[in-house]
Amino acid sequence: MSAYDTKTIEPKWQKAWDEAGTFVATKEGGKPKYYVLEMFPYPSGRIHIGHVRNYTMGDVIARYKLSTGHNVLHPMGFDAFGMPAENAAMAIGGHPKTWTYENIDTMVAQMKPLGFGLDWSRMFATCDPEYYGQQQSMFIDFLEKGLVYRKNATVNWDPVDMTVLANEQVIDGKGWRSGAEVVRRELTQWFFKISDFSEELLDAIDGLDNWPAKVKLMQSNWIGKSRGLQFSFEGTDGCQAIEVYTTRPDTLMGASFVGISPDHPIAKELAETNPDVAAFRAEVAKGGTTAEALDKAEKLGLDTGLKVKHPLNPDWVLPVWIANFILMDYGTGAIFGCPAHDQRDLDFCRKYALPVIDTFLAPENPMPVRDEAFVPPKTEKVRWLNHFAGLDLATGDEAIDATIDFAEKAGWGKGVTNYRLRDWGLSRQRYWGCPIPVIHCDDCGVVPEKKENLPVELPEDVTFDVPGNPLDRHPTWRDCACPSCGKPAKRETDTMDTFVDSSWYFARFTAPRATTPTSMEDAEYWMNVDQYIGGIEHAILHLLYSRFFARAMHICGHLPASAIEPFDALFTQGMVTHAIYVTRDENDRPVYHFPEDVEVHESGARLGATGQEVEIIPSAKMSKSKKNVVDPVAIIDQYGADTARWFVLSDSPPERDVEWTASGAEASAKHLARVHRIASEIANASDNEGNAAEDQDLMRATHKAIHDVTMGVDTFGFNAAIAKLYAFTNALQKSKASTPTKRDAAKTLAQLMAPFTPHLSEEVWSMLGGEGLIANAQWPVADESLLVEDTVTLPIQINGKRRAEISVPKDMDKAEVEKLALANDAVVKALAGGQPKKLIVVPGRIVNVVI
RNA sequence: GCCCGAGUGGCGGAAUGGUAGACGCAGCGGAUUCAAAAUCCGCCGCCCAAAAGGCGUGGGGGUUCGACUCCCCCCUCGGGCACCA
């Protein structure tokens, strides 16, 4: 009997699949298609155990669908542009391109031994000029269709390094390298008009039936549709009118100030002549640009001295303040503050001694507001005080509607629908990204590059010894002739956000070598992605941008109308987490360490090499930059790919995060060896006559396993499917059935395991005389008649607590069950001669006696 | 700060509103062995000497004959917050 030797088995079957072209996607045979896609990886250097988990899930689906008669597309590529490559070039020298392609080679070499059923012939990286050239071509199409434009937007500016920083490069409001206080600065940047699609993107969420509800909810909230009132506060002498947007117009009588954003045109204008305003704007421009930073920053205001008139009473004037919590991008960049019914406004008014005016009170317990704003749900009735639209007892929602009506009729305001969703800024002042294919000409303005000159390739002769974008200081690349008039002009030196790269790769996989962005014929056949798998961290940005992009691509003729929602079903897998180990350098900046370099004891953790004490930060998503990654290569080396694949899907439900622990892989390896051993014994056993009852039992167990495992795979219950496979293996091992029945059962076991442990399954299949490759064998179908049990065990509860059980025929009628239950010892004892208050019989389920 | 999730034995976790803890790990006991590894068999939520019984799904309330599951409040942890990918 041969041992379970993964080092010979696994390469053998990988070669067999390769030679048979098992996983090369084709459109032939008139079979239904199935497109399964896992979010493609960033080539950080080496794969980690989270990648293995993610791609194994996709592979289980891909192999299962192949065996249920589908033409399967299961591709792989790399999201290869981005900051880490430039950081590596800065830190260790070399070129981002070299670093990136070497990483890709390494990762492919690590993925191949895992035996994923991928169509490697379709692989590409987004930094391939063939890919980003097509992206540039689409950018030009988008420009023609008015889907791209330029405007000013704020960036994190490092005044020492004289460069733009990413949010993650701003630590506590300071630049990560220079340590200088970051300031917000405006630059002219490129934007996609995603906001034109707000309503459509929101509406279409309803149709995403196979998306997780939480993702749909997150996207809805992100788009943030609101209805409110837009109107102007007339200025008094010297002040222009200020247009505001409010979602609570009903509280207008509670207004105590008008607030404008520090970036509001009026604030900017004032700053030119008023040094206090200029100083205030400079002060609040410190720190990062993130919503979180702005939200958490201390609320600061400055009285401009300007006054405006209340729209309902021209004698009532309100002061105009500049406040740092008002965003220029949302609404009109100006608000009125109603402290009685908004906690932030209340804090602001208490801080700056502005009045607080109640506009409504709780019907019972009508207490005026002191230090806590009164903000009941908008569906709750409240008592209005002198409401201008004549309301007395009404809900917030009713009051808002009535107010908008009132203002529209009176002609001083109009109801407006607003969205929180902002246009997508795609400009990046960095080298390692897709160049934006436009040229700036003094005479012609912004001119797109001619399509025949695409791709606009990145120049290779660049260095990263100076901060900033090397494209900016590369005259021979930057200087060019205007495509329109031929005069000397300059190329755009901004590159695209890497989210652009990942917003259409799924479409490119359908025709990865096409000389246009997509091929309609292939897109029509393969789109949509039937099952998309990726991390919940992409719930909003990547998935929303992709939904926008598919629409934009359709408008430009690159995708059929049927593909504007590109992902039919979405599954968000949990992350593999691990503690982070960190020490501090001489400047108190964090230095991260790999788990294998750290020795963890009960008393604490130390660096293996130096014994230096290490701080342990609780588990977080595995990330190369934090070095809390586990390399699967050692596990594959020691136990084989199937063990790694089996292990990452067993135990934890796929949607949940898992904390990585090294123990447990061995147990998986033992189980697979046991399956191999059982199968070998059965393969070598001579035919015999078992007894009929044993045969019947094993057949029932087999069909139960087919049913349960199929359901598990269909519903992403991989851990549950694996538990059933354990149970079935136990049943097979203990069975006294005849050899032919056992052989059939073992072949079925191999088939059911094949999506998870394809190499072992092929081996067992061939050992037992299975025909051809198990990868191509038809998935087994459960015989319903073998699934039903004749008798069922009914638990008997007394007052909801289980006290006994009875065994009854499956279809025994209710009255009979009641009789049996009342005759049960435990029930008789509990009743003590009395009558039950209530008797509940759920046929086939449970009996509950209420006493 | 705002939006979205998750929390069940020593551990990973199972459970259409119907027997809480399937399956696996660890642990304990046994068989086999000169011995060990491997393998096989059994036990295994907590309290109680055991039985009977009681308690038990992050905490507190509620709905229900019956709640891990539904509702309300709270705690802790995780994800996202538009330039990490």
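Letters A, B, ... are given to chains in the order of the sequence lines, protein chains preceding strands, and every chain is numbered from 1.
Relative to the side chain of A/Q189, the nucleotides B/C83, B/G1, B/C23 differ in distance, and B/C83 lies closest. Checking B/C40, B/A82, B/A85 against every side-chain atom of A/Q733, the shortest atom distance belongs to B/C40. Checking B/A85, B/A14, B/U39 against the side-chain heavy atoms of A/P84 singles out B/A85 as nearest. Comparing B/G13, B/G18, B/G1 by their closest approach to the side chain of A/D295 singles out B/G1. The side chain of A/L541 has B/A82 as its nearest neighbour among B/A82, B/C84, B/C65. Taking the side chain of A/I840 as heavy atoms from C-beta on, and the options B/C83, B/C65, B/C23, the nearest nucleotide is B/C65. Of the candidate nucleotides B/C83, B/C81, B/C23, B/C83 has the atom lying nearest to any side-chain atom of A/N167. Taking only side-chain atoms of A/M83, from C-beta outward, the nucleotide of B/C84, B/C25, B/G42 with the closest atom is B/C84. Ranking B/A82, B/G78, B/C4 by closeness to the A/D657 side chain, first place goes to B/G78. Checking B/A85, B/C83, B/A82 against every side-chain atom of A/R420, the shortest atom distance belongs to B/A82.
A/E666 places its CD atom 8 Å from the P atom of B/A26, with the value rounded to the nearest Å. Rounded to whole Å, atom P of B/C2 lies 22 Å from atom CG of A/L421. In this structure, A/N156 atom CG and B/A82 atom P are separated by 10 Å, rounded to whole Å. Rounded to an integer number of Å, the gap from CZ of A/R656 to C1' of B/A6 is 7 Å. If you take CG of A/L294 and P of B/C2, they are 15 Å apart, rounded to a whole angstrom. Taking atom CZ of residue A/F756 and atom C1' of nucleotide B/C23, one finds them 14 Å apart after rounding to whole Å.
Between A/V850 and A/S650, the one whose closest nucleotide on RNA chain B sits nearer the 5' end is A/S650. Both A/K838 and A/L217 lie near RNA chain B, and the one whose nearest nucleotide falls closer to the 5' end is A/L217.
Only the P atoms considered, B/C71 is 34 Å distant from B/G53, to the nearest whole Å. Straight-line distance between the C1' atoms of B/A38 and B/C44: roughly 23 Å, to the nearest whole Å.
The pair A/D423-A/K193 fails the salt-bridge criterion, with no side-chain N (NZ, NE, NH1 or NH2) lying under 4.0 Å from an Asp/Glu carboxylate O. In this structure, A/D708 pairs ionically with A/K704, as a charged nitrogen and a carboxylate oxygen lie closer than 4.0 Å.
Interatomic distance, A/D79 CG to A/T126 OG1, rounded to the nearest 0.5 Å: 5.0 Å.
Of the N and O atoms on the side chains of A/N167 and A/T290, not one donor lies less than 3.5 Å from an acceptor on the other residue.
The ring-ring contact (aromatic ring centres under 6.0 Å, His included) test with A/F40 is passed by exactly one of A/F78, A/W504, A/Y505: A/Y505.
Between the side chain of A/Q429 and the base of B/C83, at least one donor-acceptor pair of N or O atoms lies under 3.5 Å. In this model, no side-chain donor or acceptor of A/R803 finds a partner on the base of B/U19 within 3.5 Å.
Using cut-offs of 30° and 60° for the angle between ring planes, the A/F571 and A/F716 rings count as parallel.
Looking at heavy-atom distances under 4.0 Å, A/H538 makes contact with a base. Counting non-hydrogen atoms under 4.0 angstrom, A/A667 reaches the backbone sugars and phosphates but no base. Nucleic acid contact class of A/S668 (heavy atoms, under 4.0 Å, all strands): none. Residue contacts for A/G425: at a heavy-atom cut-off of 4.0 Å it reaches the sugar-phosphate backbone alone, with no base atom in range.
The partner of B/G17 is absent, by the rule that a Watson-Crick or G-U pair needs both atom distances under 3.5 Å. With both pairing distances under 3.5 Å, B/A85 is matched to nothing as a Watson-Crick or G-U wobble pair.
Side-chain N/O atoms of A/R428 include one lying less than 4.0 angstrom from OP1 or OP2 on B/C83.
Side chains of A/Q219 and A/R547 form a contact here, defined as non-hydrogen atoms less than 4.5 Å apart.
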